[in-house]
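The analysis underlying the following values was restricted to heavy atoms, covering all of them including side chains, and did not include hydrogens, waters or symmetry mates. Naming convention: chains lettered A, B, ... in sequence-line order (proteins, then strands); numbering from 1 in each chain.
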2 protein chains.
Amino acid sequence: MRCTPQRYAVMSFLMEHTGHPTAAEIFEVVNRVDPRSSRATTYNNLRDLVKAGLVREVAVEGRAARFDAKGTRHHHFICDRCGEVEDMGWYDVPRPASRSLGKRILRECELIFRGLCTKCARQHASR
Amino acid sequence: MRCTPQRYAVMSFLMEHTGHPTAAEIFEVVNRVDPRSSRATTYNNLRDLVKAGLVREVAVEGRAARFDAKGTRHHHFICDRCGEVEDMGWYDVPRPASRSLGKRILRECELIFRGLCTKCARQHASR
DNA sequence: CAGATGTTTAGATTATGTCTAATATAATAT
DNA sequence: ATATTATATTAGACATAATCTAAACATCTG
C-alpha cells in the first residue's frame, strides 16, 4: 500500500483526532485543508486502511459508520441518542469457552457500552 | 402499541427464527406467507419493536442491520467475511469503573465476538 | 523507456432506510 | 350506536451512505 497524499491525509487526520468521524466528515475536513481528494478515494482509502488493520470501523445502528485510528487498545461507548462514539479505556474481556466457539475462528472480543453521552445526559436531566 | 397482523408477523417471525435476518429478508418472508404488509410498515414495526425493547438491532459494518428477538440474554458473533450474526451464550461483562464513565449514563454492556463463522472458516481452511 | 501494477477521479449506480399524505382501523367518549 | 380521537398501514417519492465504473494518472520494475 503506497503512501499517497490522499491516503496520508486520511490517516493523519484520524491519528490527530480522537473523535470518531464519519467518512463524509473525513472527506469534508481533509478537502477543506487541501482539496485534492474525492469522495470515492476517501472511501477507498478508509476501506484499505481498515483492511490493513490501521483503522477501525465502528458500525452504529441507523447511522453512518465511524472511523478510528487503532492506537492504544480501547473499548467504545456509543450514545443511544446522538450516535457519538467515544473511547473508553481498555480492559481484558473474558473469552468464550472454546466449546461454545465450535469451529468458528475468533479474531477479537469487543466491548461496547451503550447509553447517553455526557452532553445528551445533561440535556436528558434538564427536561 | 397495538398488536396488528403485520406487527405480529414480524415479531413471531423473529421469535421463531434464531437467525438474524435483515429488514429486507423479514419483509420478503413475511409477505411470501401472507402478503399484507408493506416495506414501510416492516421498517416502522421493526423501529417500534426495538424502541419497545422487544427486539434488538445489530449494526454490521458495511452491511444491512440485522434484527433479533430479545429472548434469553446472549452476546453476538459477527462474521468478518459474510456478515452473519450468531448468538453466543451470555455471561456477565465487567462494567467500567464509574470514574471512567464520568457523567455518562450507562444502559448496557454488549460483547461482540468477531472472526469467521463455521461456514467461512471451512472455506478459509480449504484454500 | 515500456509494461505492469496501483491509485485517483467524477459521476452513475446500488443499497438501505425514511418521509409524506392519503387511507384504514381500532379505542374512547358522548 | 355514533362521533371523535388516536394509532397503524400503504405506495411511492425521497434521502443518505456507500460502491462501482471506466478512464486517466502515478509509481514501480526490469
Undergrad: Against the six-membered ring of F113(B), is R104(A) placed for a cation-pi contact (under 6.0 Å from the centre, within 45° of the normal)?
TA: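 Relative to the ring axis of F113(B), which defines the angle, R104(A) lies outside at least one limit.
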
Undergrad: On DNA chain D, compare the nucleotides closest to G62(B) and R2(B); which residue's is nearer the 5' end?
TA: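 Mapping each residue to its closest nucleotide by heavy atoms, the 5'-most match is R2(B).
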
Undergrad: What is the distance, rounded to the nearest whole Å, between atom CE of M1(A) and atom P of dG6(C)?
TA: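 Going from CE in M1(A) over to P in dG6(C) covers 13 Å.
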
Undergrad: Suppose clustering is done on Ile, Leu, Val, Met, Phe, Trp and Tyr with side-chain heavy atoms closer than 4.5 Å. Which residues sit in the same group as I105(B)?
TA: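 Other cluster members: L116(A).
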
Undergrad: Given atom CZ of R63(A) and atom C1' of dA15(C), what is their separation to the nearest angstrom?
TA: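 Those two atoms, CZ and C1', are 19 Å apart.
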
Undergrad: Over all strands shown, is A40(A) touching base, sugar-phosphate only, or nothing at heavy-atom distances under 4.0 angstrom?
TA: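 Since a base atom lies under 4.0 Å of A40(A), the category is base.
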
Undergrad: Does a side-chain N or O from T4(A) land closer than 4.0 Å to OP1 or OP2 of dG6(C), or not?
TA: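 Result: no.
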
Undergrad: Atom CG of D48(A) to atom P of dC20(D): distance rounded to whole Å?
TA: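 It is 12 Å, rounded to the nearest whole Å.
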
Undergrad: dA18(D) C1' sits how many Å from F67(A) CZ, rounded?
TA: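 Taking atom C1' of dA18(D) as the reference, CZ of F67(A) is at 10 Å.
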
Undergrad: I need the CD-C1' distance between E61(B) and dA15(C), as an integer number of Å.
TA: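 Rounding to the nearest Å, CD of E61(B) and C1' of dA15(C) are 17 Å apart.
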
Undergrad: Counting only side-chain heavy atoms from C-beta out, which of dT16(C), dA18(D), dT27(D) sits nearest to A64(A)?
TA: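 Nucleotide nearest to A64(A)'s side chain: dA18(D).
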
Undergrad: Need one value for T22(B): base, sugar-phosphate or nothing, where a base atom within 4.0 Å counts as base even if backbone is also close, heavy atoms only.
TA: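 Result for T22(B) = nothing.
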
Undergrad: Looking at every strand, decide which applies to T41(A) at a 4.0 Å heavy-atom threshold: base, sugar-phosphate, or nothing.
TA: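 The residue T41(A) makes base contact.
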
Undergrad: Could you list the residues that satisfy side-chain hydrogen bond (donor to acceptor under 3.5 Å, both in side chains) with E110(A), not counting sequence neighbours?
TA: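 side-chain hydrogen bond (donor to acceptor under 3.5 Å, both in side chains) list for E110(A), sorted by chain: R114(B).
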
Undergrad: Which one, dA18(D), dT10(D), dA10(C), comes nearest to the side chain of Q6(B)?
TA: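 Nearest to the side-chain atoms of Q6(B), counting from C-beta on, is dT10(D).
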
Undergrad: Does the distance from a Lys or Arg side-chain N to an Asp or Glu carboxylate O, for E57(A) and R47(A), drop under 4.0 Å?
TA: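 The answer is no: the pair does not qualify as a salt bridge.
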
Undergrad: At 4.0 Å (heavy atoms only), tell me whether A65(B) reaches a base, stays on the sugar-phosphate, or touches nothing.
TA: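 Sugar-phosphate, backbone atoms only, no base.
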
Undergrad: Among dT9(D), dT19(D), dT9(C), which nucleotide has an atom closest to any side-chain atom of R7(B)?
TA: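 The answer is dT9(D), which lies nearest to the side chain.
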
Undergrad: Check the distance between dA8(D)'s P and N45(B)'s CG and give it to me in whole angstrom.
TA: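 The answer, rounded to whole Å, is 8 Å.
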
Undergrad: Spell out yes or no: do the side chain of R39(A) and the base of dA18(D) have one donor N/O and one acceptor N/O closer than 3.5 Å?
TA: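 Yes.
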
Undergrad: Thinking salt bridges, do E108(B) and R56(B) make one under a 4.0 Å N-O criterion?
TA: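 Yes, this pair counts.
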
Undergrad: Please state how far atom CG in D34(B) lies from atom C1' in dT9(D), giving the value in whole angstrom units.
TA: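 Rounding to the nearest Å, CG of D34(B) and C1' of dT9(D) are 14 Å apart.
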
Undergrad: Check the distance between dA26(D)'s C1' and Y8(A)'s OH and give it to me in whole angstrom.
TA: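 Going from Y8(A) (OH) to dA26(D) (C1'), I get 20 Å.
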
Undergrad: If only side-chain N and O atoms of Y43(B) are considered, is one of them under 4.0 Å from the OP1 or OP2 phosphate oxygen of dG17(C)?
TA: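 True: Y43(B) side-chain N/O within range (under 4.0 Å) of dG17(C) OP1/OP2.
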
